[in-house]
Amino acid sequence: MSPLFTPARTRGFLRATAAAVALSSVLLTTGCGSSDEGGGDAKATAAAPAGFPVTVDNCGVRTTYDEPPSRVVTIHQHPAELMLALGLKDRMVGTAFPDSAVLPELEKDYAAIPELAKKEPSFERILDAEPDFVYGGYGSAFSEHEGRSRTAFADAGIDTYLNREYCGKKQVTMEDTYEEIRTVGRIFGVPDRADELVTDLRRRVGKAAAEVAGEAEVPVFVYDSGDKSAFTAGGKGLGTDLIRLAGGENVFADLDDVFGDVSWEQVVERKPEVIAVYDYAGAGSVEEKKRFLLAQPALADVPAIRNKRFVVLPLTATLVGIRSAYAVDGLARGLHPESFR
């Protein structure tokens, strides 16, 4: 099967992976504060940094940090960009699995971080970087069958954090993005930077949403990939809230997952007026995706196809991370261009 029609991020099973991770780790308590036995008198008597200890509950794993992590590996691009936006480049010893072009203002710093792998690195490769913290963007970051479970990292004395979009509990909204940033800010002892970043992102979202306030909602179909069926954004992922804030409605908001497969017949039935094409490495170019959709006879009467209305979004911009605020503006302009003239 052509790479164009393969969901290269394996997001179709990520929620199951995340759920398994959470279930297997629910009783696990890790962190600098949980491994004091034999730690030495100097560490035991040293004063904790201001604001510490910090305790975080993340996808069923409760971790207490006596001090900020100092050697971080990020798996997937959106955690890396969030770290860099918080000014934490000096804590990063490795990253992996880039999805799309990095935000221009972060390009230089991102390029300076060692890339451990084009996709998820092996457990051993991560250990080679000697991290004390691993931050995963998709559930596959901590794939148990690939030897990267959170338990395995804990057994190696390494703390972990999973992007909250893959905790598998509820629909994710922009409020989760803001809380993700604040949580990471607390873990690394930079809450003021986190608050400042959240304020800026809220401003961006508010400005775009205000431009389309009162406009009729536009039905939107998200096309990630697929040929026999369509791999699309479901109701539990952040994409649905981004579309709502931009003055649209995800036609598959009733899909009870972050991502999932739907039939082309369902796409036809729901009559989307705009197709949001997700752009990322490994699934074919945007132009290839458009050509495929436009060439399907079964889709000929779909309003979005008939009128060739597409909006392109980098996949990274649709996830819990700093790019999502930018995505709202891009979507709003694509759905309601008349509001921005």
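This structure is a prediction, so every number in the text was calculated from the model and none was measured.
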Is any side-chain heavy atom of L293 less than 4.5 Å from a side-chain heavy atom of W264? yes
Strictly distance-based, threshold 3.5 Å: is any side-chain N or O of R150 a donor or acceptor partner for the main-chain N or O of T160? yes
Would you check if the side chain of S324 reaches a backbone N or O of V320 as a donor-acceptor pair within less than 3.5 Å? no
Any donor and acceptor pair, going by atom type alone, linking the side chain of R125 with main-chain N or O of E120 inside 3.5 Å? no
Flag side-chain contact, heavy atom, 4.5 Å: T318 against L238: no
Taking atom CD1 of I113 and atom CZ of R91, what is their separation to the nearest 0.5 Å? 13.0 Å
Is any side-chain heavy atom of V286 closer than 4.5 Å to a side-chain heavy atom of F310? no
Given side chains that start at C-beta, do those of V72 and L88 come closer than 4.5 Å, heavy atoms only? no
How long is the gap from CD on Q266 to CG on D254, to the nearest 0.5 Å? 8.5 Å
Write out all pairs satisfying salt bridge (charged side-chain N to carboxylate O under 4.0 Å, His left out) with one or both partners inside residues 318-334, taking only residues at least two apart or from two chains. E81-R323, D329-R333
With hydrophobic residues grouped by side-chain heavy-atom distances under 4.5 Å, do V212 and L201 end up in a single group? no
Test item: T177 side-chain N/O and I322 main-chain N/O as donor-acceptor pair under 3.5 Å: no
Between H78 and Y135, is the ring centroid distance below 6.0 Å? no
Go through it in stages, so that I can follow the logic: the residues are V258 and Y138, the test is side-chain contact (heavy atoms from CB on, under 4.5 Å), and I'd like the CA-CA distance, side-chain angles, deciding distance and then a yes or no. CA-CA 11 Å; V258 177; Y138 299 122; over 6 Å; no
So that I know where these two stand, are F188 and F133 an aromatic pair - ring centroids less than 6.0 Å apart? yes
Measure the spacing between CD1 of I126 and CG of L116 and express it to the nearest 0.5 Å. 7.0 Å
Main chain of E215, side chain of H336: is a donor-acceptor contact present, judged purely on distance under 3.5 Å? no
side-chain contact (heavy atoms from CB on, under 4.5 Å) assessment of N163 paired with E180: CA-CA 8 Å; N163 187 294; E180 178 93 352; 3.7 Å; yes
Rounded to the nearest 0.5 Å, the OG1 atom of T55 sits from the CZ atom of R186 at a distance of 8.5 Å
Please give me the minimum heavy-atom distance between A233 and Y278, naming the atom from each residue. CB-OH, 4.0 Å
So, does T74 use its side chain to make a donor-acceptor pair with the main chain of T95 at under 3.5 Å? no
Euclidean distance, R62 CZ relative to D57 CG, rounded to 0.5 Å: 4.5 Å
Test log, rule salt bridge (charged side-chain N to carboxylate O under 4.0 Å, His left out), inputs E175 and R202: CA-CA 9 Å; E175 292 302 318; R202 280 192 185 276; 2.9 Å; yes
The complete set of side-chain hydrogen bond (donor to acceptor under 3.5 Å, both in side chains) pairs with one or both residues in residues 297-307, sequence neighbours excluded, reads none
Check whether any side-chain heavy atom of V134 sits under 4.5 Å from a side-chain heavy atom of F142, and report yes or no. yes
Can you tell me how far CG of L315 sits from OG of S225, rounded to the nearest 0.5 angstrom? 10.0 Å
Indicate the atoms forming the closest heavy-atom contact of G136 with P79, along with that distance. C-CG, 3.9 Å
Flag, side chain of E273 to backbone of V218, donor-acceptor distance under 3.5 Å: no
Under the ring pair (Phe, Tyr, Trp, His ring centres under 6.0 Å) test, which residues partner F52, sequence neighbours left out? none
Any non-hydrogen side-chain atom of I187 less than 4.5 Å from a side-chain atom of T63? no
Which atom of I243 lies closest to which atom of L335, heavy atoms considered: O-CD1, 4.4 Å
Quick test of your reading: applying salt bridge (charged side-chain N to carboxylate O under 4.0 Å, His left out), list the pairs with at least one residue in residues 192-201, sequence neighbours left out, ordered by first then second residue. R182-D195, D200-R203, D200-R204
Dump the intermediate steps for side-chain contact (heavy atoms from CB on, under 4.5 Å) on V311 and V220, then the final yes or no. CA-CA 10 Å; V311 176; V220 179; over 6 Å; no
Minimum heavy-atom separation for S70 and D132, please, with both atom names. N-OD2, 2.9 Å
Could you state whether L294 and V312 fall into the same hydrophobic cluster, counting links through intermediate Ile, Leu, Val, Met, Phe, Trp or Tyr residues with side-chain heavy atoms under 4.5 angstrom apart? yes
For the side chain of N58 and the backbone of L162, is there at least one donor-acceptor N/O pair under 3.5 Å apart? yes
Taking the side chain as C-beta and beyond, is there a heavy-atom pair between M92 and D109 under 4.5 Å? no
Checking D99 side chain against Q77 main chain: does a donor-acceptor pair fall under 3.5 Å? no
Non-neighbouring partners of E146 that pass salt bridge (Lys or Arg N to Asp or Glu O under 4.0 Å), sequence neighbours left out: R148
R71: what forms a salt bridge (Lys or Arg N to Asp or Glu O under 4.0 Å) with it, not counting sequence neighbours? none
Find out whether R309 and P337 are in side-chain contact, i.e. whether some heavy atom of one side chain is under 4.5 Å from a heavy atom of the other. yes
Is there a side-chain contact (heavy atoms from CB on, under 4.5 Å) between T232 and F221? Walk through the geometry before answering. CA-CA 8 Å; T232 191; F221 161 58; 3.7 Å; yes
Would you call the rings of H76 and F97 parallel, tilted or perpendicular if under 30° counts as parallel and over 60° as perpendicular? tilted
List the atom of E165, the atom of L319, and the distance in Å for their closest heavy-atom pair. OE1-CA, 3.7 Å
Provide the closest heavy-atom pair for L242 versus A317 in the form atom of the first, atom of the second, distance. CD1-O, 3.8 Å
Kindly determine whether K236 and D257 satisfy salt bridge (charged side-chain N to carboxylate O under 4.0 Å, His left out), including the steps that lead there. CA-CA 5 Å; K236 284 194 173 179; D257 213 331; over 6 Å; no
Can you say whether the rings of Y223 and F292 are parallel (under 30°), tilted (30 to 60°) or perpendicular (over 60°)? parallel
Kindly say whether T173 contributes a backbone atom to a donor-acceptor pair with the side chain of D176 at under 3.5 angstrom? yes
